[in-house]
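Below: the structure, in structure tokens.
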There are 2 protein chains.
Amino acid sequence: MHGLLRARLIRGEMRPGAMVSLRTLAGEFGTSAMPVREAAGRLVSEGALEFVRNRGIRVPRMTRERLLDLTALRVFAETELVKRAAFLLPDEALQAARRADAAVNAAIAAGDAGAYMRANHAFHFGLYAAAASPVFFRLAESVWTQTGPVMSVVHASLSRLDYSDHHPRILEALARQDPAGAAEATRADIESGLDLIARAGFLTAPAGAAIDFAAA
Amino acid sequence: MHGLLRARLIRGEMRPGAMVSLRTLAGEFGTSAMPVREAAGRLVSEGALEFVRNRGIRVPRMTRERLLDLTALRVFAETELVKRAAFLLPDEALQAARRADAAVNAAIAAGDAGAYMRANHAFHFGLYAAAASPVFFRLAESVWTQTGPVMSVVHASLSRLDYSDHHPRILEALARQDPAGAAEATRADIESGLDLIARAGFLTAPAGAAIDFAAA
DNA sequence: GCGGGCGAAGTGTGATCTTACTTGTGCTGG
DNA sequence: CCAGCACAAGTAAGATCACACTTCGCCCGC
């Protein structure tokens with residue numbers, strides 16, 4: 001239950017600013033409002049949702065400052081995760097990551113933002129799971145939950161040509177058990193994502209103001 | 001409500017391994033079990049508590065790996081926070097931090113571990129609040145919630161002479177608006193805390209095993 | 001004396017109900 | 001025609017209830 005709501009955010013299936021009542025969500029999940037309340041509460045406490053009193057829950061709008069902070073966190077957490085995964089990654093996980101990367105490319109070629117979000121998540125977290133660090137894994141999950149909604153909007157508004165693909169570099173570094181190389185490629189991958197947002201003009205909002213994704 | 005339970009953990013008022021039922025906690029807080037459930041669920045999802053089915057909630061035992069990860073996270077998050085606070089810290093907050101530091105020293109002199117935990121928390125988070133970064137502030141809070149129980153046990157078992165005080169260096173650096181100096185002093189402060197635990201012999205547990213604080 | 005099984009007590013979990021509050025709407029008076 | 005107010009609909013939040021499950025203790029049988 002809790003995982004379902006989190007997955008919706010990570011996959012970008014809820015837009016920034018979207019508001020929904022607990023009862024509506026409960027109806028979609030086929031349960032009562034209480035489990036939804038609890039799941040939403042957890043996501044509120046990590047900043048991925050916010051309660052609006054007597055209205056429901058809302059996906060927070062993104063500000064430039066928050067996005068930069070979250071990106072810095074992503075770099076820290078995820079470079080650490082791939083560094084550790086370099087020596088622990090089973091062959092089957094590496095091959096699963098190759099398949100996930102192929103799915104990513106297919107989604108880009110098809111211009112399917114939703115499929116891209118899902119495949120990209122599977123690619124990264126399949127690797128991170130091998131790092132055997134609950135602390136950093138949970139942190140990465142938390143950050144993705146917060147950035148999912150905005151990334152979804154960004155990808156949906158972009159041409160398929162804008163992507164510079166760092167995934168092969170990550171895979172090659174992991175295959176030769178090179179932690180530093182994998183970390184560097186991961187950093188490049190994350191920052192190219194931020195660069196994508198910047199080039200799309202989403203970072204021109206005044207300080208503290210919510211980014212206007214409707215302009216996309 | 002949610003803050004109350006978190007505060008208990010940060011202040012170290014619940015020992016690692018301690019088990020408590022939701023109904024019992026509800027009685028202590030004077031509410032029904034439901035708000036406690038929700039608060040506990042949030043803390044479970046960030047790793048500060050764990051549900052034991054049909055038994056209640058438990059404060060997780062600490063492993064060496066998890067403690068090292070959490071310490072690395074603390075260094076990252078809190079050096080970032082003080083760097084930003086260096087240019088934003090109001091005079092009154094700096095003076096409040098000086099008072100909090102005096103309370104820390106008084107608690108050490110008195111050998112009062114509980115007072116030390118509270119004053120130390122007030123010192124650090126009074127500074128962090130000025131950094132105006134909800135992302136990193138929440139992260140620091142989350143880490144402290146997870147380390148609170150073990151730190152409490154450690155401090156309660158130590159002589160008052162073992163403390164090397166980095167707080168004045170932090171305050172001086174902030175007073176002259178020196179982000180790098182404040183960050184370095186904060187890093188030293190955090191790592192001296194870890195060193196304290198190591199010297200107390202708590203890090204000799206085999207890999208993956210829960211640290212045995214009863215040996216203190 | 002000891003071991004196995006049965007029952008009672010206690011637990012989290014989910015549903016339902018009540019309450020207080022916000023908000024949007026439609027009516028009324030100017 | 002417009003502004004302001006009152007009412008109604010919808011909401012989250014807390015308490016209470018019902019249920020399935022685990023666990024511990026006691027008792028009976030061997």
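FYI, side chains are in, hydrogens and waters are out, and symmetry mates aren't considered; it's all heavy atoms of this structure. Naming: A, B, ... by sequence-line order, numbering from 1 per chain.
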Using modelled atom types only, decide if a donor and an acceptor are shared between the side chain of B:Thr71 and the backbone of B:Leu67 within a distance under 3.5 Å.
yes

Please confirm whether the backbone N or O of A:Val143 pairs with a side-chain atom of A:Thr147, one donor and one acceptor, at under 3.5 Å?
yes

Kindly give the heavy-atom pair with the smallest separation between B:His2 and A:Ser45, and that separation in Å.
CE1-CB, 4.2 Å

Is the distance from OP1 or OP2 of C:dT11 to the nearest side-chain N or O of B:Ser21 less than 4.0 Å?
yes

Would you say D:dT22 has OP1 or OP2 under 4.0 Å from some side-chain N or O of B:Arg55?
no

Report all side-chain donor-acceptor pairs from residues 94-106 of chain A shorter than 3.5 Å, counting only partners two or more places apart or in another chain.
unit_1: A:Asp101; atom_1: OD1; unit_2: A:His167; atom_2: ND1; d: 3.0
unit_1: A:Asn105; atom_1: ND2; unit_2: A:Asp101; atom_2: O; d: 3.4

What nitrogen or oxygen pairs link the protein and nucleotides 16-18 of chain D at under 3.5 Å?
none

Rounded to whole angstroms, how far apart are [atom1] on [X] and [atom2] on [N]?
X	N	atom1	atom2	value
B:Ile57	C:dG12	CD1	P	8 Å
A:His2	C:dG14	NE2	P	13 Å
A:Leu22	C:dT22	CG	P	17 Å
B:Asn54	D:dC21	CG	P	9 Å

Name the residue closer to the 5' end of DNA chain C, choosing between A:Glu38 and A:Arg53 according to the nucleotide with the nearest heavy atom.
A:Glu38

Nucleic acid contacts of residues 41-52 of chain B, taken as heavy-atom distances under 4.0 Å to DNA chain D
none

Using 0.5 Å steps for rounding, measure from the OG1 atom of B:Thr186 to the NE2 atom of B:His124.
7.0 Å

Checking A:Thr79 against A:Arg187: is there a side-chain donor and acceptor pair closer than 3.5 Å?
no

Consider side chain to side chain contact (heavy atoms under 4.5 Å, CB included). Of B:Glu80, B:Arg138, B:Arg84, which one does B:Ser133 pass it with?
B:Arg84

Passes side-chain hydrogen bond (donor to acceptor under 3.5 Å, both in side chains), A:Asn120 versus A:His155? Steps please.
CA-CA 12 Å; A:Asn120 193 42; A:His155 291 306; 5.8 Å; no

